[in-house]
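One structure below.
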Amino acid sequence: MSNSSVPARLASIEAPEFDLELTLRSGQAFHWSKSGEGYVGTIENTPVYAEQREAVFLVTPGTESLAHHYFALDHSPAAILASFPNDPAMNTAIEYCRGMRILRQPPWECLATFITSSMKQVAHIRQMSLAIRKKFGQRVQLGDAELFTYPSPARLAKATEEELRECKLGYRAKNLLGTARLIADNVVNLDRIKTMDDPAALAELCKLPGVGEKVANCVMLFAYGRLRAFPIDVWIGRVLREIYFKRKRNATPKQLRDFSQTYFGNYGGYAQQYLFHHARMKKRNEAGKQEKHTRRK
DNA sequence: CTCCAGGTTCCGG
DNA sequence: CCGGAACATGGA
């Protein structure tokens, strides 16, 4: 009965310099679950089991090319690391994030998920994402594990705001619904965005309700593989101010944006994700120490 | 109970 | 372009 979501046979994929767990826990995608020694989740509408044993990366047979694309195993970590600026904060983040890949997620579910992310902790984003899948998605089976696909724009477009609020979206329900309708009606075409250059793609995404610069950049980076995209959230904002604007008090949003686009280079999105993950882990470790102190006695 | 979370939008300087 | 305020919900 244990680990029966693990297929009897697994297919191995060439995946040098790749860390599956680190990648799935870095706040890019929110629906993967631990199962046995690996993780289960969906890629597009296909259920996938993925597991890493040392340097060997294993997935459900038949999903090799899907997984290769999704986990961006074609990216070159060596070239990416070599492109980063050489400063203490960046070098520390690199040590924390070796093997992390920027995923190539399906645009719609990435977009929809990040619309729900505003003013929410990662754990909440995960809860909302799973609730939406369970309520509106299709059930797919993987061994005895039960997974749900992310519902299409057309499916969510015919949901009511009330139904979406039942997934704990709060004020985000109206934005997700509005965006689903614009895409279902082909007012905005997510496939066409693939053919646009970065500024045009960003502007197109920002036409959607609930999509501002930060969410648009997340989609650019985590779905469209625009590796220069540099989403600036509260965490990265703090890092930029405390590390790179130490002397200049009160850096404006425009200053942060201009700096991030020039300083971090052609793989700025990777740099951003490394700095983001390191900042979160550091905070979590500090909280853990505090916990032990206050709990003792 | 208070604080804050991978923001966006609208509004007055 | 900038700072403020409103907007829901639930962990810490």
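Sequence lines set the chain letters: A, B, ... in the order given, protein chains first and strands last, and positions in each chain run from 1.
Distance CG (A:Asp258) to P (C:dC1): 10 Å, rounded to an integer number of Å. Atom pair A:Leu130:CG and C:dT9:C1' shows a separation of 16 Å (rounding to whole Å applied). A:Leu205 has its CG atom 15 Å from the C1' atom of B:dG7, to the nearest Å. In this structure, A:Tyr171 atom OH and B:dT9 atom P are separated by 11 Å, rounded to whole Å. Separating the CD1 atom of A:Ile115 from the C1' atom of B:dT9 is a distance of 14 Å, rounded to the nearest angstrom. What separates CE of A:Met128 from P of B:dG6 is a distance of 10 Å, to the nearest Å. Atom CG of A:Asp233 and atom P of B:dC4 are 16 Å apart (whole Å). What separates CG of A:Asn175 from P of B:dC10 is a distance of 10 Å, to the nearest Å.
Cluster annotation: A:Val6 and A:Phe57 are assigned to distinct hydrophobic clusters (Ile/Leu/Val/Met/Phe/Trp/Tyr, side-chain heavy-atom contacts under 4.5 Å, transitive).
For the P atoms, the distance from C:dG3 to B:dG6 is 22 Å, rounded to whole Å.
As judged by a 4.0 angstrom heavy-atom cut-off over every strand, A:Gly210 is placed among residues touching the sugar-phosphate backbone only. When heavy atoms are screened at a 4.0 angstrom cut-off, A:Ser26 is found touching base atoms of the nucleic acid. Within 4.0 Å of A:Leu208, counting heavy atoms only, lie sugar-phosphate atoms of the nucleic acid but no base atom.
Summary of the strand contacts: A:Val211 and A:Lys214 both lie near DNA chain B, and taking for each the nucleotide with the nearest heavy atom, the more 5' one is attributed to A:Lys214. Between A:Gln121 and A:Cys206, the residue whose closest nucleotide on DNA chain B is further toward the 5' end is A:Gln121.
Within the 4.5 Å cutoff, the side chain of A:Trp32 has no heavy atoms near those of the A:Leu20 side chain.
Within a 6.0 Å sphere centred on NZ of A:Lys135, heavy atoms belonging to other residues, nucleotides or ligands number more than 12.
Within 3.5 Å, a donor on the side chain of A:Lys120 pairs with an acceptor on the base of C:dT9, or the reverse. Between the side chain of A:Gln273 and the base of B:dG6 there is at least one donor-acceptor pair of N/O atoms closer than 3.5 Å. Applying the 3.5 Å distance criterion, the base of C:dA8 shares a donor-acceptor pair with the side chain of A:Arg172.
Of the candidate nucleotides C:dA8, B:dG7, B:dG6, C:dA8 has the atom nearest to the side chain of A:Arg165.
Checking the phosphate oxygens (OP1, OP2) of B:dG6, no side-chain nitrogen or oxygen of A:Gln272 falls inside 4.0 Å. Between A:Arg238 and B:dA5 there is a side-chain polar atom (N or O) within less than 4.0 angstrom of OP1 or OP2. A close approach under 4.0 Å does not occur between any side-chain nitrogen or oxygen of A:Thr252 and OP1 or OP2 of C:dC1.
A salt bridge links A:Asp74 with A:Arg104; the closest basic N to acidic carboxylate O contact falls under 4.0 Å.
An aromatic stacking contact between A:Phe114 and the base of B:dG6 is absent, as defined here by ring centres under 5.5 Å apart and ring planes under 30° from parallel.
Aromatic rings of A:Tyr49 and A:Tyr39 (six-membered ring for Trp) have centroids beyond the 6.0 Å cut-off, not under it. The six-membered or imidazole ring of A:Tyr267 lies away from that of A:Phe84, with a centre-to-centre distance of 6.0 Å or more.
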